[in-house]
Amino acid sequence: MTIRTRCSFELPAWIEPFLGDWTVPLATVSQRMQLAVALSEENVRRQTGGPFAAVVINETTDELVAAGVNIVTTAGLSVVHAEIVALSLAQTALNGWNLADAGTLQLVSTCEPCAMCFGAVPWSGVKSLVCGAGKRDAEAAGFDEGDKPHDWVSSLQRRGIVVQCGVLSEHAADVLVRYRKSGGMIYNAD
């Protein structure tokens, strides 16, 4: 058996041209979530991964730093959730693991974080988190979101991270419903 010493992932080819349509400043959380939901819809439409997306925004300049979509099924890696992908690409773009060193950055996700992504939020250095759909929406679609503290929002707030939930939640949840109805793969189901 050969031991692997390298692992990488790549976003679908459609992402870069798709983001070209979103070059305007993303000044409001609604605009930011609209972009994230549009990414999740396109990921489902093109069958390049799961129904989740996330973006990292510089809150000072309102500019997009990084975008990610869920590529678990296409990359064959259980950890490449949209939030992890977006945070990883932001860290790569900004040359450092601690995004706090790059200013005030915000993670915008189409869904409340699962257990894994919840853990990544404070360690990434983002200063705020915006969520669309909730855990119940993801679980209703069949996804196992894992265990995290009941008071997860308070837990992040105690660490100085501003949390805003329910932004365009109906639109974000609708992508989950459509993915399930289309027969999209539900991985790590209960």
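Please read these numbers as outputs of a predicted model, since none were measured by experiment.
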### Message
If you apply the rule side chain to side chain contact (heavy atoms under 4.5 Å, CB included), what do you find for W152 with V163, and how did you get there?
### Response
CA-CA 10 Å; W152 68 273; V163 179; 4.3 Å; yes

### Task
Step by step, work out the side chain to side chain contact (heavy atoms under 4.5 Å, CB included) result for Q106 and Q164.
CA-CA 11 Å; Q106 179 178 75; Q164 185 175 355; 5.8 Å; no

### Task
Would you check, one step at a time, whether the test side chain to side chain contact (heavy atoms under 4.5 Å, CB included) holds for R158 with D151?
CA-CA 11 Å; R158 283 191 298 276; D151 64 342; 3.9 Å; yes

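For the pair L64/L19, a side-chain contact is recorded, criterion being any heavy-atom separation below 4.5 Å from C-beta on. The shortest distance between side-chain heavy atoms of L11 and L89 falls below 4.5 Å. At a threshold of 4.5 Å between non-hydrogen side-chain atoms, the residues F52 and N43 do not count as touching. Contact of the V29 side chain with the V108 side chain is not registered, since no non-hydrogen atoms from C-beta on lie closer than 4.5 Å. Under the 4.5 Å side-chain criterion, counting only non-hydrogen atoms from C-beta, L105 is not in contact with I57. Here the side chains of I71 and F9 are in contact, with some heavy-atom distance below 4.5 Å. A heavy-atom distance below 4.5 Å is not found between the side chains of S124 and L107. Residues E41 and D174 have side chains not in contact (no heavy-atom distance under 4.5 Å, counting atoms from C-beta outward).
The minimum heavy-atom distance between L168 and S30, with the atom names listed, is CD1-O, 3.6 Å. Here the closest heavy-atom approach between residue T74 and residue G49 is recorded as CG2-N, 4.0 Å. Heavy-atom minimum distance, Q31 versus L26: OE1-C, 3.6 Å. Nearest heavy-atom pair across A102 and N58 is O-ND2, 4.4 Å. Nearest heavy atom pair, residue P113 against residue C131, reads CD-SG, 3.8 Å. Residues C111 and A138 share a closest heavy-atom pair of SG-CB, 3.9 Å.
When the shell of 6.0 Å around CD of Q47 is examined, it contains 12 or fewer heavy atoms from other residues, nucleotides or ligands. In the displayed structure, D147 atom CG is contacted under 6.0 Å by at most 12 heavy atoms of other residues, nucleotides or ligands.
Grouping the Ile, Leu, Val, Met, Phe, Trp and Tyr side chains by contacts below 4.5 angstrom, directly or via other members, places V130 with W22. The hydrophobic clustering, which links ILVMFWY residues whose side-chain heavy atoms are closer than 4.5 Å, places V80 and F118 apart. Hydrophobic clustering (ILVMFWY, side-chain heavy atoms < 4.5 Å, transitive): V69 and V65 are in distinct clusters. I161 and M33 fall into different hydrophobic clusters, where Ile, Leu, Val, Met, Phe, Trp and Tyr are joined by side-chain heavy atoms under 4.5 Å apart, directly or via other members. Cluster membership for L94 and W97, using ILVMFWY side-chain heavy atoms within less than 4.5 angstrom, is not shared.
Atom-to-atom distance recorded for H81:NE2 and L87:CG is 13.0 Å, nearest 0.5 angstrom. Note that the CD atom of E112 and the CD atom of E83 stand 10.0 Å from one another [nearest 0.5 Å]. We find the CZ-CZ distance between F18 and R46 to be 8.5 Å, quoted to the nearest 0.5 Å. In this structure, SG in C114 is found 9.0 Å from CG in D144, a value given to the nearest 0.5 Å. Interatomic distance, CD of Q157 versus OG of S155, reported as 9.5 Å (0.5 Å rounding).
Screening M116, K135, R136 for a side-chain contact (heavy atoms from CB on, under 4.5 Å) involving E145 leaves a single residue, K135.
Ring orientation note: the planes of F143 and Y179 are close to parallel, at an angle under 30° on the 30°/60° scale.
Side chains of S128 and E59: a donor on one and an acceptor on the other come within 3.5 Å.
In this structure, T110 contributes its side chain and A53 its backbone to a donor-acceptor pair below 3.5 Å.
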